[in-house]
Amino acid sequence: MVVTGLCFVAVTALVKSLGQRIPAQESAFLRYVLGLVFLLPMAGQFMQVRLTPRLWRLFSLRALFHTGGVVLWFYAMTRIPIAEVTAMNYLNPVYVTVLAVFFLGERLALRRVMAIVAALLGAVMILRPGFRELDPGHFAMLAAALFFAGSYLLAKILSGEVSAALVVVLLSVGVTIGLAPLAIAVWVWPTWWELLILLGVALFATSGHYTMTLAFAAAPVTVTQPVTFLQLVWAVVLGAVLFAEPVDPWVIAGGSLILAAVVFITWREAVLKRRVTPLVSETKN
């Protein structure tokens with residue numbers, strides 16, 4: 001999980017370094033196109049898979065949600081500090097917990113309600129509406145977390161009916177297809193250096209998901225979840241050192257409060273032996 005956090009912070013830093021010359025939807029499209037290279041060895045075994053119309057609809061809906069989340073995340077990354085993106089990304093599991101009540105029939109006990117309220121207070125601490133001017137990137141990140149939560153819930157449904165590998169492969173293909181028309185509409189020819197950066201994004205994202213899978217196999221979620229706090233530490237350091245972003249104690253405090261709420265919810269689910277709330281990193285792109 002330590003390596004996973006480093007990989008995902010590297011993804012964030014590389015996207016940040018691209019700047020705003022290439023539109024967010026094009027950057028996201030190129031990241032997924034290049035990421036497909038890492039999935040080519042698995043292509044043959046999935047060519048013969050036959051899915052029902054219902055499964056195709058669920059896969060398509062998930063690709064739609066994830067496409068929206070990815071575009072909004074890339075846009076937010078070019079607008080607001082790395083630490084704020086990382087801290088607000090901790091809201092993903094909180095959204096999932098709330099949506100699971102409506103779509104998976106989960107019960108929302110008082111302790112989980114209190115944890116959700118604490119997480120929302122953490123988000124208010126980060127944003128501080130009324131005390132500073134909010135950037136469109138902040139709203140984009142709030143919406144991105146919601147889209148990723150919808151994608152995760154659909155993944156939970158699909159993973160009970162098809163293999164996890166198929167869920168990953170079809171998501172990558174579906175998001176690539178979904179992003180294509182958006183990217184073409186605003187296309188700007190990238191330089192070789194920009195393509196190299198996006199290849200690095202794809203490499204670190206794929207590596208992060210792989211090491212995260214190893215962590216899940218090696219330890220319970222109550223052990224791996226708290227380690228994701230290090231992502232915020234590294235994001236603050238990288239933002240300050242590489243991008244001269246000031247260290248904001250409100251962002252650190254708010255992100256810590258959100259993560260504490262997520263850890264509590266995860267611990268409660270482990271005690272009750274059910275698994276609905278995702279790890280923070282599970283909903284990342």
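Side chains included, hydrogens not; waters and symmetry mates left out as well; all remaining heavy atoms used. Residue numbers run from 1 in the order of the sequence given.
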Taking the side chain as everything from C-beta on, heavy atoms only, tell me whether Val33 gets closer than 4.5 Å to Leu179.
no
Minimum side-chain heavy-atom gap Pro23-Tyr75 below 4.5 Å
no
Rounded to the nearest 0.5 Å, how far does CG of Leu18 lie from OG1 of Thr191?
8.5 Å
Can you check whether His138's main-chain N or O pairs, donor with acceptor, with Glu84's side chain at less than 3.5 Å?
no
Considering non-hydrogen atoms only, spot the tightest contact between Met77 and Ile82 and give its length.
CE-CG1, 3.6 Å
With ring centroids as reference points, do Phe148 and His66 lie under 6.0 angstrom apart?
yes
Measure the shortest side-chain to side-chain distance between Leu142 and Tyr95 over non-hydrogen atoms and say whether it is less than 4.5 angstrom.
yes
Sub-4.5 Å side-chain heavy-atom contact between Glu194 and Arg21
yes
Heavy atoms of Ala83 and Val251 approach each other most closely as O-CG1, 3.7 Å
Check whether Ser207 reaches the backbone of Phe204 with its side chain - one donor and one acceptor, N or O, closer than 3.5 Å.
no
If I compare all heavy atoms of Ala87 with all of Ile126, which pair ends up nearest, and what's the gap?
CB-CD1, 3.5 Å
With rounding to the nearest 0.5 Å, note down the distance linking CG in Leu120 to CG in Leu91.
7.0 Å
Can you check side-chain contact (heavy atoms from CB on, under 4.5 Å) on Val247 and Ile252, steps first, answer last?
CA-CA 8 Å; Val247 177; Ile252 298 174; 3.8 Å; yes
Taking Ser151 for its side chain and Phe147 for its backbone only, find out whether a donor-acceptor pair lies under 3.5 Å.
no
A side-chain contact here means heavy atoms from C-beta on lying under 4.5 Å apart; do Arg62 and Val175 qualify?
no
Val9 reachable from Val237 in the ILVMFWY side-chain graph, under 4.5 Å edges
yes
Taking the side chain as everything from C-beta on, heavy atoms only, tell me whether Cys7 gets closer than 4.5 Å to Val3.
yes
Between Arg79 (side chain) and Ala76 (backbone), is there a donor-acceptor pair under 3.5 Å?
no
Between atom NZ of Lys16 and atom CD1 of Ile197, what is the distance when rounded to the nearest 0.5 Å?
14.0 Å
Mind checking whether Leu199 and Val188 sit in one hydrophobic cluster, side chains of I, L, V, M, F, W, Y counted as touching below 4.5 Å?
no
Taking every non-hydrogen atom, the tightest pair across Ala140 and Leu72
O-CB, 3.5 Å
Kindly work out whether a path of hydrophobic side-chain contacts (I/L/V/M/F/W/Y, heavy atoms less than 4.5 Å apart) joins Phe139 to Val124.
no
Closest contact, heavy atoms only, Ile22 versus Ser27:
CG2-OG, 3.4 Å
When rounded to the nearest 0.5 angstrom, what distance separates CD1 in Ile177 from OG1 in Thr67?
9.5 Å
Nearest 0.5 Å, what's the CZ-CG distance between Arg31 and Leu203?
10.5 Å
Do the non-hydrogen side-chain atoms of Leu30 and Pro190 ever get within less than 4.5 Å of each other?
yes
Identify the heavy atoms of Gly137 and Ile80 that sit nearest to each other, and give their distance.
O-CD1, 3.9 Å
Report the distance from atom CG of Asp248 to atom CE of Met125, rounding to the nearest 0.5 Å.
10.0 Å
Pairwise side-chain contact, Leu171 with Phe59, heavy-atom cut-off 4.5 Å (strictly under):
no
Same hydrophobic cluster for Val15 and Leu195, using side-chain heavy-atom links shorter than 4.5 Å among ILVMFWY?
yes
Among the clusters formed by ILVMFWY side chains lying less than 4.5 Å apart, do Trp73 and Met88 turn up in the same one?
yes
